[in-house]
Amino acid sequence: MDGGGVSGSGGVTGLGVHEGRAAGARPLLLGVRHHGPGSARSVRAALDAARPRVVLIEGPPEADALIPLAAEEDMRPPVALLAHAVDEPGRSAFWPLAEFSPEWVAIRWALDHDVPARFIDLPATHTLAWGRDEGDESRAGRPDDPVGEIPETSPSEAPSDAHGTGPSGEDAVEDEPAVHVAVRVDPLGVLAEAAGYDDPERWWEDVVEHRGTGQGDVFEPFTVLEEAMGVLRETFGTGGHDRDLVREAYMRLQVRAAQREFGEDVAVVCGAWHVPALRRKSTVAADKALLKGLPKVKADMTWVPWTYRRLSRNSGYGAGIDSPGWYGHLFGAPDRPVERWLTKVAGLLRDEDRMVSSAHVIEAVRLAETLAAMRGRPLPGLSETTDAVRAVMCEGSDVPLALVHDRLVVGDVLGEVPQAAPAVPLQRDLDRIQRRLRLKPEALERDLELDLRKENDAERSRLLHRLRLLGVAWGEPAASRGSTGTFRETWRLRWEPELSVRVAEAGVWGTTVLAAATAKAEADAVSASGLADVTALAERCLLAELPDALPTVMQILADRAALDADVGHLAQALPALVRSLRYGDVRRTGTGALTEVAAGLAERVFVGLPPACAALDAEAAEEMRRHVDAVHGAVGLLSEVADPEQDPPGASGQRDGVPRGGSATVPGKDGQGTATAVPEQDPAAIAVSGPDDGGDAPAPAHRGLRGRWQAVLKVLSLRDSVPGVIRGRAVRLLLDDGELAQDEAARLMGLVLSPGTAPGDAAAWIEGFVGGGSGGGMLLVHDERLLGLVDAWLTGVPAEAFTDVLPLLRRTFSAYEPGVRRTLGELVRRGPGRRGSVAGAGAGIPGLGAGLDGDRADAVLPVLRLLLGLDDDRDDDRDDDAMNADDNDLAGVAG
């Protein structure tokens with residue numbers, strides 16, 4: 001339902017409209033509730049009966065030139081008039097219009113009958129200037145008197161349509177008496193209470209929305225409601241709100257000018273709250289005095305698409321309508337609206353695989369009519385149909401009902417505006433790119449999967465990244481499903497109307513998306529506050545493919561990196577920089593300069609990290625441990641770029657000659673270029689690059705980065721002044737890279753868990769070694785020696801120290817997957833077995849777990865032979881010892 005606002009009468013209190021018009025002294029005033037289908041139908045009927053020579057509509061006069069566009073074939077509401085200050089595009093205001101808005105109906109009636117239509121509210125040039133001159137920074141871009149935009153206020157301050165919000169809005173009242181604020185918040189409440197209703201929306205439905213226009217005097221609704229508005233204004237006044245008085249003075253002047261030009265055959269469509277003020281006699285001099293000295297700014301106007309979802313919001317740029325989809329249905333249904341609505345609901349539920357038949361629809365209609373009769377309503381409203389849907393079609397569940405509310409009651413309708421509508425050059429360029437890439441804005445949120453190996457998808461990705469850099473958040477990156485390769489991207493798209501304002505704001509940076517994004521990136525680099533901000537910007541420049549911005553960004557990055565001596569800052573900046581190299585590979589972007597800077601940052605981290613890790617408290621040590629993890633991952637990627645021929649330690653094989661997780665140089669299609677395999681992708685993702693695509697060949701000084709980093713990890717693992725969580729993590733990283741034997745890792749753990757080490761330091765070492773979500777749980781599962789060491793140490797911790805280390809250990813082991821925790825529990829419950837694990841065989845260190853069960857091993861030998869491709873028919877010349885050796889090996893695998 002509409003969020004508050006009242007239709008009023010166009011007649012004089014106690015006098016019919018026809019009588020007033022016959023007297024020749026007054027125009028036809030049609031007071032409306034904005035975005036009300038009942039008001040819209042009444043306005044159409046009144047205009048058909050009166051046949052005025054001109055139609056005046058509450059709205060900004062600057063939009064008069066845009067009115068003819070409403071008749072264009074490709075203009076589809078909901079749409080909105082957008083006004084923004086030329087010198088400050090972020091300062092803007094909207095006048096949203098739906099097909100069921102009385103103002104839109106008046107515009108279309110005038111165009112269809114070749115009658116002039118004009119807007120008569122205070123010009124946007126003054127409206128936009130009010131908030132700026134008052135210095136209200138909290139409402140920058142959302143002026144206090146938005147004339148169609150409800151400012152972002154608390155619910156108790158939100159203005160209502162009775163005072164002209166919606167297409168002809170009012171500003172919020174902040175210092176009015178409490179009684180007047182209550183009327184402005186819910187003007188329907190006063191009238192509903194006087195009629196004996198406890199729900200203003202239900203009163204409005206019964207009195208207006210369910211009232212047909214085919215019988216009786218078509219002007220009667222406006223006559224009656226004007227009387228009500230007159231009484232409300234006499235009782236509560238205007239609260240000293242000067243802007244109402246100024247706007248109404250301007251409207252009176254415009255009405256007088258229209259009467260001089262067209263005579264008395266003038267119809268005015270405006271918010272009902274203003275009707276008594278427009279009817280009131282006032283001199284021209286008094287009205288002009290109120291308008292003297294108003295602030296001004298230069299403003300531009302255009303049509304922009306709007307959405308039902310934005311109409312349903314009661315703050316920001318919304319209009320406070322709870323159910324725009326329901327309102328649109330009421331306005332568009334020629335007859336039997338309840339039956340048509342419930343049929344539409346049934347179709348939606350059937351599309352979602354719910355069992356809904358025509359019998360359900362029949363029963364829901366009967367229930368809705370019964371509820372309306374019991375509640376004393378002339379026809380079923382939204383509350384009755386909703387209750388019927390819940391009981392009959394949703395079996396009492398609110399889960400499918402929420403879907404009905406989201407898809408139908410609110411709706412995801414996005415309007416369209418013609419190409420002839422005025423727009424800033426940047427918007428024109430964006431429209432052209434959207435059409436070329438077949439990427440149409442939609443109000444419904446949807447996921448977009450992109451394969452960067454395809455040129456069209458790569459261009460879509462560049463567009464979305466450039467828009468994000470410009471602050472136009474049309475799409476947000478999301479986690480890819482089913483693939484971890486860098487050649488895939490997933491975006492979550494939804495077009496919101498205010499993005500048109502963001503595009504207008506971004507227009508100051510350039511006339512095309514590419515030029516604007518380039519200029520914005522350069523400006524952001526200059527104003528960046530920290531090194532990590534610059535590296536993140538470099539990454540975004542590569543993702544958006546802004547080659548002209550990269551030199552500036554890289555120069556600033558090099559300068560900042562040379563001056564920043566904080567190892568934490570350097571470690572924080574390195575991962576984003578190295579990720580950019582990876583993206584450069586998949587996007588075929590030259591990253592030679594980026595490699596130089598990244599390798600230099602890595603060298604500085606290597607030098608400064610050991611002394612930076614000394615004498616840290618627990619919180620600082622944990623933060624540094626995260627830095628160590630980030631640098632380790634970054635060095636792994638950087639070493640692959642800097643030394644592509646070196647197989648990464650721990651690689652289990654190659655895929656078509658390319659190391660897994662790494663890259664390799666192979667001849668290109670032309671015999672000269674190179675094909676760089678993108679990490680974590682299949683051979684089809686290999687991107688072919690020529691000899692002049694950026695000069696990414698590594699410098700000899702950058703080779704061996706991984707070896708130097710491993711030397712730093714060894715220093716950290718053995719230095720007593722380094723906190724336990726960092727020492728443990730260094731040992732773990734060395735073990736994962738294959739630079740530390742399992743026996744040596746077990747020896748180091750045994751030393752740390754010896755009685756001479758403080759329990760707190762030992763627990764921190766364990767957290768660093770097997771904690772942090774790094775797969776430590778699986779390491780303990782498969783290496784029973786390490787688990788036995790942890791178990792033996794934990795059982796020997798003194799009681800007084802156990803309570804100190806327990807929180808740390810719980811944090812470590814609680815991060816494991818439930819299955820891993822269950823397996824560890826089973827191993828600990830069994831206790832030391834007859835021998836250690838396969839990995840620990842011959843090490844002399846007892847492990848946990850049961851011994852080999854020969855009978856169970858024999859049962860799986862035939863299956864293992866099939867899996868391994870062993871021939872069941874053994875050669876006769878094979879001796880028994882060889883066959884027994886095979887069986888023993890298989891039994892070891894099975895055990």
* Looking at residues at least two apart in the chain, or sitting in another chain, which of them share a side chain to side chain donor-acceptor pair (under 3.5 Å) with Q434? -> none

* Basic-acidic side-chain contact under 4.0 Å: E496, R502 -> no

* Asked: If you round to the nearest 0.5 Å, how far is OG1 of T307 from CD of E442?
  -> 13.0 Å

* Asked: How far does CG of L464 sit from CG of L469, to the nearest 0.5 angstrom?
  -> 12.5 Å

* **Test side-chain contact (heavy atoms from CB on, under 4.5 Å) applied to L225 and V275, step by step** => CA-CA 10 Å; L225 289 175; V275 171; over 6 Å; no

* To do: List the steps, then state whether salt bridge (Lys or Arg N to Asp or Glu O under 4.0 Å) holds for D112 with R44.
  => CA-CA 12 Å; D112 292 342; R44 185 164 55 191; over 6 Å; no

* Supply the atom-to-atom distance L348 CG to L403 CG, rounded to the nearest 0.5 angstrom. => 4.5 Å

* Asked: Is there side-chain contact between M75 and V417, with at least one heavy-atom pair below 4.5 Å?
  -> yes

* To do: Work out which heavy atom in A391 is nearest to a heavy atom in L367; give both atom names and the distance.
  => CB-CD2, 3.9 Å

* Asked: With the threshold set at 4.0 Å, does a side-chain nitrogen-carboxylate oxygen contact exist between R432 and D429?
  -> yes

* Asked: Would R366 and E369 pass as an ion pair if we require N to O under 4.0 Å?
  -> no

* Report yes if some heavy atom in the side chain of D300 is under 4.5 Å from a heavy atom in the side chain of P422; otherwise report no. => no

* **is_close_aromatic(W341, W326), centroid dist under 6.0 Å** => yes

* Asked: Just wondering, do W109 and V269 contact through their side chains at under 4.5 Å, heavy atoms?
  -> no

* Of all the heavy-atom pairs spanning R468 and W491, show the shortest one and how long it is. => CD-CZ3, 3.4 Å

* Asked: Heavy-atom count around R446 CZ within 6.0 Å, excluding the residue itself: above 12?
  -> yes

* Say you draw a straight line from CG of L382 to CG of D322; how long is it, rounded to the nearest 0.5 Å? -> 9.0 Å

* Say whether, by atom type as modelled, one donor and one acceptor occur between the side chain of S39 and the main chain of R33 under 3.5 angstrom. => yes

* Can E476 and E445 be said to form a side-chain contact (heavy atoms from CB on, under 4.5 Å), step by step? -> CA-CA 11 Å; E476 291 292 335; E445 183 175 276; over 6 Å; no

* V365 and I362: side-chain contact (heavy atoms from CB on, under 4.5 Å), yes or no, with the steps? -> CA-CA 5 Å; V365 171; I362 295 171; 5.9 Å; no

* **Electrostatic pair R76-E99, nearest N-O below 4.0 angstrom** => no

* Is there a side-chain contact between P337 and H329, using heavy atoms and a 4.5 Å cut-off? -> yes

* Asked: Is there a side-chain contact between L463 and L430, using heavy atoms and a 4.5 Å cut-off?
  -> yes

* Asked: Run the side-chain contact (heavy atoms from CB on, under 4.5 Å) check on Y327 and L311 step by step: do they pass?
  -> CA-CA 11 Å; Y327 268 15; L311 283 173; over 6 Å; no

* Charged N to carboxylate O below 4.0 Å: is that the case for E352 and R407? -> yes

* Shortest non-hydrogen contact from L66 to W303? -> O-NE1, 2.9 Å

* Structure fact -> All heavy atoms of L467 vs all of V513, minimum pair found to be CD2-CG1, 4.4 Å

* Shortest non-hydrogen contact from H35 toward S101 -> ND1-OG, 2.7 Å

* Structure fact -> dist T385:OG1 -> E339:CD (nearest 0.5 Å) comes out at 11.5 Å

* Structure fact -> Heavy-atom nearest pair, A421 first then L69, reads CA-CD1, 3.7 Å

* To do: Quickly, which of F94, W95, W104, W495 forms a ring pair (Phe, Tyr, Trp, His ring centres under 6.0 Å) with W306? Name it, please.
  => F94

* Asked: Just wondering, do H360 and R350 contact through their side chains at under 4.5 Å, heavy atoms?
  -> no

* Asked: Would you say R492 has more than 12 foreign heavy atoms packed within less than 6.0 Å of its CZ?
  -> no

* Do the non-hydrogen side-chain atoms of R438 and N456 ever get within less than 4.5 Å of each other? -> yes

* Can you check whether G36's main-chain N or O pairs, donor with acceptor, with R41's side chain at less than 3.5 Å? -> no

* Tell me, do P380 and L371 make a side-chain contact under 4.5 Å, heavy atoms counted? -> no

* Asked: Side chain of E489, backbone of L450: donor and acceptor closer than 3.5 Å?
  -> no

* Mind checking the CG-CG spacing from L426 to D431? Nearest 0.5 Å is all I need. => 9.5 Å

* E62 side chain to M301 main-chain N or O, any donor-acceptor pair under 3.5 Å? -> no

